[in-house]
Amino acid sequence: MKILPYEPDNSGLAYSVGTTLDRFIKLKQSEFPFASGELSQLLRDIALAAKIVNRETNRAGLANIGGAFGQTNVQGEEQQKLDVIANIRFMRALSKGGEVCAIVSEEEDSVIDLQNKSGKYVIAIDPLDGSSNIDVNISIGTIFSIYRRKTPPGSPITKEDIMQPGRDQVAAGYVLYGSSTMLVYTTGHGVNGFTYETSLGEFFLSHPSIKAPLDGSIYSINEGLQNQWKNGVKEYIDECKSKNFAARYIGSLVADFHRNLLKGGIYLYPSTEKNPDGKLRLLYEANALAFIADQAGALATNGEIPILNIQPSSLHQRTPLFIGSKKMVQRFESISKGKVLQKY
Ligand SMILES: O=P(O)(O)OC[C@H]1O[C@](O)(COP(=O)(O)O)[C@@H](O)[C@@H]1O
Ligand SMILES: [Mg+2]
Ligand SMILES: [Mg+2]
């Protein structure tokens with residue numbers, strides 16, 4: 001009787017493509033003998049909420065889920081129904097999960113204290129990113145940042161727990177609801193991407209150990225705001241054009257970031273007259289993507305300093321964001337800081 005060892009695939013990767021998210025989280029946790037499993041559970045809670053929001057986005061056109069909700073959020077932006085639904089779904093999953101003590105959300109004016117005496121984690125979340133694309137069937141997303149609270153569990157939530165620089169994130173990621181739905185995250189040990197298999201209701205590892213190309217030829221910026229650009233943005237974009245780079249702008253930060261992360265490219269949202277501090281929010285948009293970028297070998301800056309080094313001072317503060325392939329962001333910075341003259 002012949003006995004053969006089972007060789008699933010020859011990738012040699014410890015975490016081979018096709019590993020379920022749940023199994024991946026378990027395996028990763030076993031690498032940290034002192035891990036208590038709470039962060040693992042929190043990641044599972046996020047994945048659960050993502051599955052529910054995925055279902056809602058897929059049928060947004062059918063079930064009267066599209067369109068405006070009829071209220072504005074603290075940013076003065078008109079909330080879409082799906083913004084509110086996604087916010088409720090993530091709030092519910094995170095509060096039921098039991099690992100989180102406080103939530104900062106784009107759709108909530110103030111910090112939500114979950115009154116959870118044992119919760120160690122603070123989460124900042126953009127429940128639905130790319131709201132302007134909801135009704136037109138273009139990729140949208142969810143963005144999340146996870147911090148360990150600074151004060152002991154059970155004690156009152158303090159500013160110190162909430163206003164932590166991106167550098168202190170213990171995990172971050174995004175969900176992309178696109179032609180397929182993906183969850184991409186880091187816990188500070190590399191970046192991995194999982195694709196949702198709807199019929200099985202499972203996320204499977206599809207993009208292990210994502211590394212951003214060092215350079216690229218794609219730039220993503222809302223050129224409609226060109227007249228409001230300053231500090232070298234125009235010069236940099238002119239140089240990209242002189243090099244025949246491709247202009248790609250979806251208008252959903254998660255989708256533009258994801259493309260550039262995989263293919264090489266740069267996303268730029270500078271300060272404008274309308275948004276002198278930039279449009280994107282530090283706590284629940286820029287910090288998470290900057291952590292992913294950092295872990296994938298890419299860069300994120302506000303034009304002055306790395307996004308991860310910014311000390312937050314208010315919940316919904318905005319920041320200029322320049323994020324993407326290392327060489328492209330470095331080139332932008334040197335032009336915007338006037339360190340180099342363009343040669344076409
Ligand atoms: O329409 P603009 O000014 O180009 O802004 C688009 C940007 O605004 C956002 O939609 C802001 O995010 P929200 O949709 O979560 O508010 C980003 O996803 C996107 O990159
Ligand atoms: Mg957003
Ligand atoms: Mg949003």
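What you see below is based on every heavy atom in this structure, not just the backbone, and it leaves out hydrogens, waters and symmetry mates. When a ligand or atom number is given, it counts from 1 through the structure's own listing order. This structure is a prediction, so every number in the text was calculated from the model and none was measured. The first residue in the sequence is number 1, and the count goes up from there.
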Ligand 1 to Tyr269 polar contact by distance, N or O atoms, under 3.5 Å
yes
For atom 6 (C) of ligand 1, what's the nearest protein heavy atom and its distance?
Tyr249 OH, 3.4 Å
For ligand 1, is any non-hydrogen atom under 4.0 Å from Arg281's backbone (N, CA, C, O), its side chain (CB onward), both, or neither?
side chain
Should Lys241 and Glu223 count as an ion pair when the cut-off is N to O under 4.0 Å?
yes
Between ligand 1 and Asp256, is the shortest N or O to N or O distance under 3.5 Å?
no
Output the atom name for the N/O/S atom of Asp129 with the smallest distance to the Mg ion (ligand 2).
OD1
Yes or no: does Gln75 have any heavy atom under 4.0 Å from an atom of ligand 1?
no
Under 4.0 Å from ligand 1, counting heavy atoms only, is it the side chain of Tyr267, its backbone, both or neither?
side chain
If you measure from the Lys or Arg side-chain nitrogens to the Asp or Glu carboxylate oxygens, is any gap between Lys120 and Glu99 under 4.0 Å?
no
If you count every heavy atom of other residues, nucleotides or ligands that lies below 6.0 Å from Asn137 atom CG, does the total exceed 12?
no
Gap separating the CG atom of Asp135 from the CG atom of Leu82, nearest 0.5 angstrom:
8.5 Å
Do any nitrogen or oxygen atoms of Leu280 come within less than 3.5 Å of a nitrogen or oxygen of ligand 1?
no
Is it the side chain (CB and beyond), the backbone, both or neither of Asp126 that lies under 4.0 Å from ligand 1, heavy atoms counted?
side chain
Any heavy atom of Asn133 closer to ligand 1 than 4.0 angstrom?
no
Heteroatom proximity flag, Leu128 to ligand 1, N/O under 3.5 Å
yes
From the list Glu107, Gln79, Glu108, side chain to side chain donor-acceptor pair (under 3.5 Å) with Asn73 holds only for Glu107
Output, in order, the C-alpha distance, side-chain angles, deciding distance and verdict of ring pair (Phe, Tyr, Trp, His ring centres under 6.0 Å) for Phe194 and His207.
CA-CA 6 Å; Phe194 299 79; His207 297 65; 9.5 Å; no
Which one holds for Val254 and ligand 1: side chain close, backbone close, both close, or neither close, with close meaning a heavy atom under 4.0 Å?
neither
Give the residue and atom name of whichever protein heavy atom lies nearest to atom 5 (O) of ligand 1, and the separation in Å to one decimal.
Lys279 NZ, 2.9 Å
Which of the atoms of ligand 1 are close to Glu106, meaning less than 4.0 Å from one of its heavy atoms?
13 (P), 15 (O), 16 (O)
N-O pairing of Glu239 and Arg331 below 4.0 Å
yes
Is Arg55 atom CZ crowded by more than 12 heavy atoms from other residues, nucleotides or ligands, each under 6.0 Å away?
yes
Sub-6.0 Å ring centroid separation between Tyr174 and Phe257:
yes
Can you tell me which portion of Asn222 lies within the under-4.0 Å heavy-atom range of ligand 1? Options are side chain, backbone, both, or neither.
side chain
Just checking: Glu106, one of its N/O/S atoms, less than 2.8 Å away from the Mg ion (ligand 3), yes or no?
yes
Indicate yes or no: at least one non-hydrogen side-chain atom of Ile218 is less than 4.5 angstrom from one of Phe245.
no
Which value, rounded to 10°, describes the O(Leu128)-the Mg ion (ligand 3)-OD1(Asp126) angle?
90°
Counting distance only, does the side-chain N/O of Asp129 pair as donor-acceptor with the main-chain N or O of Leu253 below 3.5 Å?
yes
Assess Ser252 for proximity to ligand 1: is some non-hydrogen atom of it under 4.0 Å away?
yes
